[in-house]
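Here the structure is laid out as structure tokens; the discussion comes afterwards.
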Amino acid sequence: MLLDASDGEEDPVVTEAAARAGFPHRYVSREERESGWRLRNARDLLRYGNYGCPLGDRIRVIAALDEVGSFSVAEGLGLFREVPPMAGLASLVLQRILTIDLDQELINPDTVVRRGEL
């Protein structure tokens, strides 16, 4: 999906061009962008954008999720051995290997982690 964060007028030409390219498109107002927790959570995650998650940690986390379906952030941190735990978790979320709900609340120890859709 393409999101247009412009504060200008909505231009149907942009939406039509996105549709021709095979992408859904919509405009997002400043109020919508800045309300809720999404922006704050995204900023928190992006702090870890330069980290990578080593293969061993990635396999360990995916295997655990395959076994139990989901776990909390606090439960998942113990799975990381090769990289700082929050950096590894954030890296996997940024790569969409894992998913968390960015809109529900600030990321916290009880935030549910699930396997992403690659």
Side-chain angles (χ1 to χ4, degrees):
M1 167 164 290
L2 300 176
L3 300 175
D4 194 330
S6 172
D7 287 331
E9 289 187 29
E10 296 182 10
D11 186 351
V13 174
V14 174
T15 303
E16 291 169 13
R20 281 194 304 274
F23 297 102
H25 171 267
R26 74 179 183 91
Y27 286 90
V28 181
S29 68
R30 176 180 293 273
E31 294 79 26
E32 185 179 352
R33 287 190 312 266
E34 294 179 0
S35 68
W37 301 111
R38 179 172 285 271
L39 186 58
R40 172 83 183 274
N41 283 330
R43 285 181 180 145
D44 286 345
L45 288 172
L46 286 174
R47 173 177 183 250
Y48 299 101
N50 289 327
Y51 283 87
C53 185
L55 178 62
D57 284 348
R58 186 173 71 235
I59 297 300
R60 198 173 298 107
V61 170
I62 291 171
L65 284 171
D66 285 347
E67 187 175 317
V68 299
S70 67
F71 51 68
S72 69
V73 167
E75 293 167 336
L77 295 180
L79 297 169
F80 293 91
R81 308 267 191 279
E82 303 173 44
V83 67
M86 197 63 231
L89 185 72
S91 171
L92 294 175
V93 169
L94 290 169
Q95 295 175 63
R96 297 185 179 183
I97 294 170
L98 304 180
T99 61
I100 59 175
D101 187 346
L102 298 177
D103 296 317
Q104 185 176 1
E105 59 187 344
L106 279 177
I107 298 169
N108 65 72
D110 297 322
T111 299
V112 176
V113 178
R114 292 185 173 83
R115 190 160 177 187
E117 298 177 23
L118 289 177

_Quick check against the 3.5 Å criterion: does R96 have a side-chain atom that pairs as donor or acceptor with the backbone of G116?_
no

_Atom CZ of residue position F71 - does it have more than 12 heavy atoms of other residues, nucleotides or ligands inside 6.0 Å?_
yes

*asked:* Is the shortest side-chain heavy-atom distance between L77 and M86 below 4.5 Å?
replied: yes

*Measuring from N41:CG to E105:CD, what's the distance to the nearest 0.5 Å?*
8.5 Å

*Honestly curious: do L92 and L55 fall in one hydrophobic cluster under the side-chain, below-4.5 Å linking rule?*
no

*Any chance CZ of R47 has more than 12 other-residue heavy atoms, nucleotides or ligands included, within less than 6.0 Å?*
no

*Establish whether L106 and L98 are linked, either directly or via other cluster members, by ILVMFWY side-chain heavy-atom contacts under 4.5 Å.*
no

*Supply the atom-to-atom distance I62 CD1 to E67 CD, rounded to the nearest 0.5 angstrom.*
14.0 Å

_side chain to side chain contact (heavy atoms under 4.5 Å, CB included) between D44 and W37, worked out_ = CA-CA 11 Å; D44 286 345; W37 301 111; over 6 Å; no

*Should we count CZ of R81 as having more than 12 external heavy atoms under 6.0 Å?*
yes

*Applying the 4.5 Å side-chain criterion to the ILVMFWY set and letting contacts propagate, would V28 and L46 be lumped into a single cluster?*
no

*Minimum heavy-atom distance between V112 and I100, given as atom pair plus value*: O-CG2, 3.5 Å

_Set out, in order, the CA-CA distance, both residues' side-chain angles and the distance that settles side chain to side chain contact (heavy atoms under 4.5 Å, CB included) for R114 and L65, then state yes or no._
CA-CA 7 Å; R114 292 185 173 83; L65 284 171; 5.6 Å; no

*For L94 and G49, which heavy atoms make the closest approach, and how far apart are they?*
CD1-CA, 3.9 Å

*Nearest 0.5 Å, what's the CD1-OG1 distance between I97 and T99?*
11.5 Å

*Pair L89-Y48, side chain to side chain contact (heavy atoms under 4.5 Å, CB included): steps then yes or no*: CA-CA 9 Å; L89 185 72; Y48 299 101; over 6 Å; no

_Value rounded to 0.5 Å, distance of CG in L102 from CD1 in I107_ = 6.0 Å

*Where do D103 and D101 come nearest, in terms of heavy atoms and distance?*
N-OD1, 2.8 Å

*Counting only N and O atoms by type, is there a donor-acceptor contact under 3.5 Å from the side chain of D57 to the main-chain atoms of V83?*
yes

*Contact summary for P54 and E82, nearest pair of heavy atoms*: CB-OE1, 3.1 Å

*Heavy-atom side-chain contact between D4 and H25 under 4.5 Å*: yes

*Rounded to the nearest 0.5 Å, what's the gap from CG on L2 to OH on Y27? Could you check?*
10.5 Å

*Test side chain to side chain contact (heavy atoms under 4.5 Å, CB included) on V113 and V73 and set out the steps.*
CA-CA 6 Å; V113 178; V73 167; 3.9 Å; yes

*Report the distance from atom OG of S91 to atom CG of N50, rounding to the nearest 0.5 Å.*
10.0 Å

*What's the shortest heavy-atom distance between C53 and F80, and which atoms?*
SG-CE2, 3.8 Å

